Number of protein chains: 2
Amino acid sequence: MAAPAGAPALHVTDATPRSQVTPIRDCGTHCQTCSLRKLCLPVAFTSDELKQFDTLVVHRTKLRRYQSLYHTGESFHALYAIRFGSLKTVLLAEDGREQVMGYHMLGEIIGFDGIGSDRHCVGAIALESSELCALPFKSIENLAQVIPALQRNLHQMMGTQITRDQSAMLMLGSMHAEERLALFLLNLADRYRHRGYSSTEYELRMSRAEIGSHLGLTLETVSRIFNRFHREGLMHVQGRAVKLLDTVALKRIVVNRDSNPL
Amino acid sequence: MAAPAGAPALHVTDATPRSQVTPIRDCGTHCQTCSLRKLCLPVAFTSDELKQFDTLVVHRTKLRRYQSLYHTGESFHALYAIRFGSLKTVLLAEDGREQVMGYHMLGEIIGFDGIGSDRHCVGAIALESSELCALPFKSIENLAQVIPALQRNLHQMMGTQITRDQSAMLMLGSMHAEERLALFLLNLADRYRHRGYSSTEYELRMSRAEIGSHLGLTLETVSRIFNRFHREGLMHVQGRAVKLLDTVALKRIVVNRDSNPL
DNA sequence: CGACTAGTTGAGGCCAGTCAATGTTGGTGG
DNA sequence: CCACCAACATTGACTGGCCTCAACTAGTCG
């Protein structure tokens, strides 16, 4: 992919409206009863620890489509757990270059990009109506001092983020357009399955341009290859609705035939 | 870049010899007196905390060129501080695809790739004779429970790794070959300067193929562009010895002219 | 010396980017 | 309901940057 010259509309403007904050008191949900707990907190907590953790969540945030949770350069103070909806994180460089770093769905935690420098190095933007729990990072750190399981969990999540980013580097550095898109589709499928949704039939929450930005491709290439997959019977595409028909073949595309001669 | 078909020799074989371990008792150095302390532990410790931290370093490891510190898939148990020398981390996928994830020099800490899954997802290989301090991660976590400054430091370093990986994604996803190489050279320059070495004149520790693998380019492209830079008077290249002559122009290449019309 | 590795250079081809025209969809207001 | 519009998506023609293949040079080591 080349210089983004005309800069596709990825909705990363500083004019993006700020988010609404709802004090915790107003909503009846707590970590103890939250259906996403297994995703947010995979490590086993005692019920007492869980109660303590619950006190971290000082407010919830509601976002409408294209609203920003935080902007590039903004000072960092919290991680966010996605209760429902989905977001993208976008790296916006000084020279105007921008790229989608990741897509995030319910049960995932975002905001790790701010830990290194106390400022967010990417922006987070809702792709649809979403709701998040804010977890002040200072409080997490304090609580992690006394709850080893929380410390473990935090490190695990940061480590997973590192692993994920490095896989993305492999994708961007050494895969063909077809391979990237097959991987992208399978990756989403996995995450939907893990959440109990259909892994073969789902709705893309992002435009072709946004997919391209994430994969280092142009929107035209994304469109062309989706339709090639469609023609070849690997999937069905109709706008943003996709249905994977031959995941085995898609997987075979990802681990491409010619590279592994055995 | 395409499928690595013939697989360039990046020395990522399982036959790579294992590292030598020297018990701490044998070497007279301690964190308190280590010249790299400012790089390893940027956060202010009390001398008592430092003494406690020192007990973490249970052994040192010496590596010769192309020796592995750890392999992909190996179980994770320690971070490593580089005392001298340099290493590369290489992601090796199941399908044989491989890519250099990063180059690491003295004063840097590596091994974060193993935290997410308790196994290393990349391999670490010495580019020259190197020496490292092993810091068992369990011990770090334990000590971080009682020394908040250490906890801060650990989180900061993991966060920095995340930020760095995301910058690499931007590079791989949206930069031209010339831009990637200019950025690579300037990046090394910065790191050398930060360590008190010349930032304009240094020796590359890796081959053209390894540089290419890191930047998502072929070795031929790397060679061609180095020589183009040379011809244009931006730098001097002679094998692995480089001398940056016009860093301003190199920086201008990175923040490329046509993308930012103002 | 020959074998081997690292690097350079050239010719040619292809994948994906660019530009541009057209189609599709969903929302709004008459 | 339809007309209209804007945003999104598709498709085609063309181009060019980088990959591929291959030949050659220089340096190193047994």
Side-chain angles (χ1 to χ4, degrees), chain A residues 1-11 13 64-66 97 99 127-128 171-182 203-213 215-231 235-242 253 256 258-259, chain B residues 1-11 13 65-66 97 99 127-128 171-182 203-213 215-231 236-242 253 256 258-259:
Chain A
M1 162 118 174
L10 291 180
H11 311 284
T13 60
R64 285 195 308 281
R65 199 179 194 201
Y66 299 142
R97 232 186 281 261
Q99 184 171 333
L127 294 168
E128 59 190 319
M171 182 274 289
L172 291 167
S174 71
M175 285 184 149
H176 290 288
E178 278 200 355
E179 297 165 350
R180 296 183 195 195
L181 275 158
E203 191 87 12
L204 295 168
R205 298 313 206 280
M206 66 299 281
S207 69
R208 304 290 188 259
E210 288 169 324
I211 295 171
S213 170
L215 303 180
L217 302 170
T218 57
L219 66 114
E220 291 94 334
T221 301
V222 174
S223 177
R224 265 186 260 269
I225 290 177
F226 271 180
N227 290 304
R228 190 185 307 164
F229 284 171
H230 185 115
R231 243 176 293 124
M235 67 185 291
H236 186 272
V237 209
Q238 166 77 276
R240 298 192 179 186
V242 302
I253 288 178
N256 71 335
D258 36 80
S259 83
Chain B
M1 162 119 175
L10 291 180
H11 312 283
T13 59
R65 198 178 196 205
Y66 299 142
R97 231 187 282 262
Q99 184 170 333
L127 293 170
E128 58 190 319
M171 183 274 288
L172 291 167
S174 71
M175 284 185 149
H176 291 288
E178 278 201 354
E179 297 165 350
R180 296 183 196 196
L181 275 158
E203 191 87 10
L204 295 168
R205 298 311 205 283
M206 64 299 279
S207 69
R208 304 288 189 260
E210 288 170 323
I211 296 172
S213 170
L215 303 179
L217 302 170
T218 57
L219 65 113
E220 293 94 332
T221 301
V222 173
S223 175
R224 266 186 260 270
I225 290 177
F226 271 179
N227 290 306
R228 191 185 306 166
F229 284 171
H230 185 116
R231 243 175 293 124
H236 186 273
V237 210
Q238 166 79 274
R240 298 193 177 185
V242 302
I253 288 177
N256 71 334
D258 36 78
S259 81

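For clarity, every value in this text was computed on a predicted model and none was experimentally measured.
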For Gly216(A) versus Leu172(A), what's the shortest heavy-atom pair and its separation?
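Looking at all heavy atoms of both residues, the closest pair is N-CD2, 3.9 Å.
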Nearest whole Å is fine: how far is [N] [atom2] from [X] [atom1]?
{"X": "Glu179(B)", "N": "dG17(C)", "atom1": "CD", "atom2": "P", "answer": "14 Å"}
{"X": "Leu172(B)", "N": "dA16(C)", "atom1": "CG", "atom2": "P", "answer": "16 Å"}
{"X": "Arg228(A)", "N": "dG12(D)", "atom1": "CZ", "atom2": "P", "answer": "12 Å"}
{"X": "Ile225(B)", "N": "dG16(D)", "atom1": "CD1", "atom2": "C1'", "answer": "14 Å"}
{"X": "Glu178(B)", "N": "dG17(D)", "atom1": "CD", "atom2": "P", "answer": "10 Å"}
{"X": "His176(B)", "N": "dG17(C)", "atom1": "NE2", "atom2": "C1'", "answer": "9 Å"}
{"X": "Leu181(A)", "N": "dG17(C)", "atom1": "CG", "atom2": "P", "answer": "10 Å"}

State, with a plain yes or no, whether a side-chain heavy atom of [X] is found less than 4.5 Å away from one of [Y].
{"X": "Ile211(A)", "Y": "Leu181(A)", "value": "yes"}
{"X": "Leu127(A)", "Y": "Arg65(A)", "value": "no"}
{"X": "Gln99(A)", "Y": "Met171(B)", "value": "no"}

Inset, instruction - Could you tell me which residues satisfy side chain to side chain contact (heavy atoms under 4.5 Å, CB included) with His236(B), sequence neighbours excluded, listed by chain and number? - result: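 Here the qualifying residues are His230(B), Gln238(B), Lys243(B), Leu245(B).
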message: Once side chain to side chain contact (heavy atoms under 4.5 Å, CB included) is applied, do any residues pair with Arg228(B), and if so which ones, sequence neighbours excluded?
response: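 Arg228(B) satisfies side chain to side chain contact (heavy atoms under 4.5 Å, CB included) with Glu178(B), Ile225(B), Arg231(B), Glu232(B) once adjacent residues are dropped.
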_Side chain of Thr218(A) - closest among dT18(C), dA9(D), dA16(C)_ =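 Between dT18(C), dA9(D), dA16(C), the one nearest the side chain of Thr218(A) would be dT18(C).
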Does Glu203(A) pair with Arg240(A) as a salt bridge, N-O distance under 4.0 Å?
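Judged by the 4.0 Å cut-off on N to carboxylate O distance, Glu203(A) and Arg240(A) do not form a salt bridge.
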Net bend of the helix from dC1(C)-dG30(D) to dG30(C)-dC1(D), end axes of five pairs each, nearest 10 degrees
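One end axis against the other gives 30°.
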Between the protein and nucleotides 8-12 of chain C, which nitrogen or oxygen pairs are less than 3.5 angstrom apart?
unit_1: dT8(C); atom_1: OP1; unit_2: Arg208(B); atom_2: NH2; d: 3.4
unit_1: dT8(C); atom_1: OP2; unit_2: Arg208(B); atom_2: NE; d: 3.0
unit_1: dT8(C); atom_1: OP2; unit_2: Ser223(B); atom_2: OG; d: 2.6
unit_1: dT8(C); atom_1: O5'; unit_2: Ser223(B); atom_2: OG; d: 3.2
unit_1: dT9(C); atom_1: OP2; unit_2: Asn227(B); atom_2: ND2; d: 3.3
unit_1: dG10(C); atom_1: N7; unit_2: Arg224(B); atom_2: NH1; d: 2.8
unit_1: dG10(C); atom_1: O6; unit_2: Arg224(B); atom_2: NH2; d: 3.2

Worksheet item: Taking only residues two or more places apart in sequence or in another chain, which ones pass side chain to side chain donor-acceptor pair (under 3.5 Å) with Arg224(B)?
Response: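 Partners of Arg224(B) by the side chain to side chain donor-acceptor pair (under 3.5 Å) criterion come out as none, since no residue qualifies.
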